[in-house]
Every structure is written in structure tokens, then in C-alpha cells.
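Side chains included, hydrogens not; waters and symmetry mates left out as well; all remaining heavy atoms used. Every value quoted in this text rests on a predicted model; they were computed, and no experiment measured them.
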Amino acid sequence: LVLLAAYVGYLGLGAVVLQALERPAEVQAAQNLLREHWQLLANHTCLQGPALQRLIEGIIQAYKSGITLQGNTTSLGKWDYSGSFFFSISAITTIGYGNLSPSTAVGRIFCIVFALFGIPLNLVLLNEIGHLMLLGVQHCAGRLEEVFHWPNKASFLMKTCALVTGLLLFLLLPPLLFSDKEGWSYEEGFYYSFITLSTIGFGDYVIGMNPDRTYPSWYKNVISLWILFGMAWLALVIKFCINILE
């Protein structure tokens, strides 16, 4: 009962803080949208409200399908091989950004079957990667104990090194790459890194989706590997936090 009360209280605290932080921005954005909508209709009297609404809905639906307008043409490529491969990664890792999803009935059925077998396969692989990471840390700690005779300090030192190395490789350095390839700020890149590796996957920031940028062929493949190993590392960190809470 105490644990349940703490859980509900933590959720309630998060809701209160998020409402205080995000609600004013939401209201302001809604007011700006309405003002621009009415200004557009007032300045272009040939436009009709229902027709404009249908165009807006069509643009939103197209954007959900990965299609954007570029002058008189549209951008494709979200469902090419690299894009499809990245979607497969986001599906079986349960990140599920939500910015791209199958639009055909056959595609949705395949996605269900693919995820049904892919999610357990992904969990087994992540468990093995995490196990190898732990073995590596324990092996290095054992070597330090043999060389320097630090029975207690060696384990603490190697765990600290593993934590710092993981922070650099998976959370602190990747935002620099995202800043270069995506044009995001460092804060946005760091936010994307944690939201992705923790499998929260809101979908407000997704790599390789800007039609105005040209991405190298290796980009999504490298990010896929980063996601795989980063999730294994973060799972170990979260497991450590769970042990502390328990």
C-alpha cells in the first residue's frame, strides 16, 4: 500500500509540474493558430473555411505518412530501405516514435506479427549485450584487484568508469552528431537521446525526417547500432536504480 501510494503520488507530482510548465505554452500556441487561421481567411477572401480545413487535414495526414510539401513537389523516401529498417528497429525495441506507421491493412497485420516475434528476440539480445557488459566490468575489476590489490575499490572504480563511459558514448556525445546532421540544439539532442534509449519515444524529435537536409547513407545504420547498445547500457543503469529503490 505504501509503494502504491508513493507510485500514485509520484505520478500526481509529475502531472502538476508538467501542467504548470506546459499548459501556458499550449494555450499560447492555440491562440496563435486561431489568429493565423482567421488572418489567412481575411487576407485571402477567395479561400473558404471548409476547403482550408480539408487542406489542413490532408497536410496533417500526409505528414503522418512521412510526406511533406517542397514547393510544387512532395518529398518521399520515408519508406525506402533505410527508413523501413529504422522503423523496424523502433518497432521491436518498443520505442514507437509514432511519427511513422503502416497505412495499409496488410502492413499493419505484418507489423503485429513482426513485433510479436521481434520484441522477444530484441529482449534476448539486449539481455546478452548487458550480460557481456557486466562481464567486461567484472573482468576489469578482477584484473585491478590482482595488480593493485584493491578488493573493494576496484569494483567501485570500474562501475564508475563504465557509468562515465556510457554517459559519454550514449548520452553526452551523440547530441553533437544530431546538432550537425539535424540542426538541433544540444539540449534537444540530449532530450532525444534519453527519450529514445529509455524507449519512451514521444516522436516529437526523430532523426532523418527533415526534408530540407541530406543525410549520409551510414547515418541511420550507425544510429540503429547506437540505439541497440545504448538501450542495453541504460537498462543496466535502470536496473541499478531499481535495486536501490527495492
Point to revise | Pair E182-Y219, side-chain donor/acceptor within less than 3.5 Å | key: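 Present: a donor and an acceptor within the cut-off.
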Review point. Would you say the side-chain atoms of Y191 and D204 include a donor-acceptor pair closer than 3.5 Å?
Key: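 Looking only at side-chain atoms, D204 and Y191 do form a donor-acceptor pair, the distance falling under 3.5 Å.
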Check your understanding: Given the rule in the side chain to side chain donor-acceptor pair (under 3.5 Å) test, do Y205 and T196 qualify, once you have shown the distances and angles that lead to the verdict?
Key -> CA-CA 9 Å; Y205 290 91; T196 294; over 6 Å; no
Establish whether [X] and [Y] are linked, either directly or via other cluster members, by ILVMFWY side-chain heavy-atom contacts under 4.5 Å.
X	Y	answer
L197	I200	yes
F194	I238	yes
I195	L18	no

Roughly how far, to the nearest 0.5 Å, is the [atom2] atom of [Y] from the [atom1] atom of [X]?
X	Y	atom1	atom2	value
S88	Y81	OG	OH	8.0 Å
K181	I207	NZ	CD1	11.5 Å
F114	I92	CZ	CD1	5.5 Å
L167	L173	CG	CG	10.0 Å
M209	Y97	CE	OH	11.0 Å

Check your understanding: Parallel, tilted or perpendicular: which fits the ring planes of W184 and F178, with parallel below 30° and perpendicular above 60°?
Key ->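 Tilted: the ring planes of W184 and F178 meet at 30° to 60°.
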Point to revise | Flag side-chain contact, heavy atom, 4.5 Å: V206 against F86 | key: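 Counting from C-beta outward, V206 and F86 do come under 4.5 Å.
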Listing, residues 24-34 side-chain donor-acceptor contacts under 3.5 Å, not counting sequence neighbours, or none:
from	atom 1	to	atom 2	distance (Å)
E26	OE1	R23	NH1	2.7
Q28	NE2	N32	OD1	3.1
N32	OD1	R35	NH1	3.4
N32	OD1	R35	NH2	2.5
N32	ND2	Q28	O	3.3

Check your understanding: Got more than 12 heavy atoms from elsewhere within 6.0 Å of OH, Y186?
Key ->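 Above 12, so yes.
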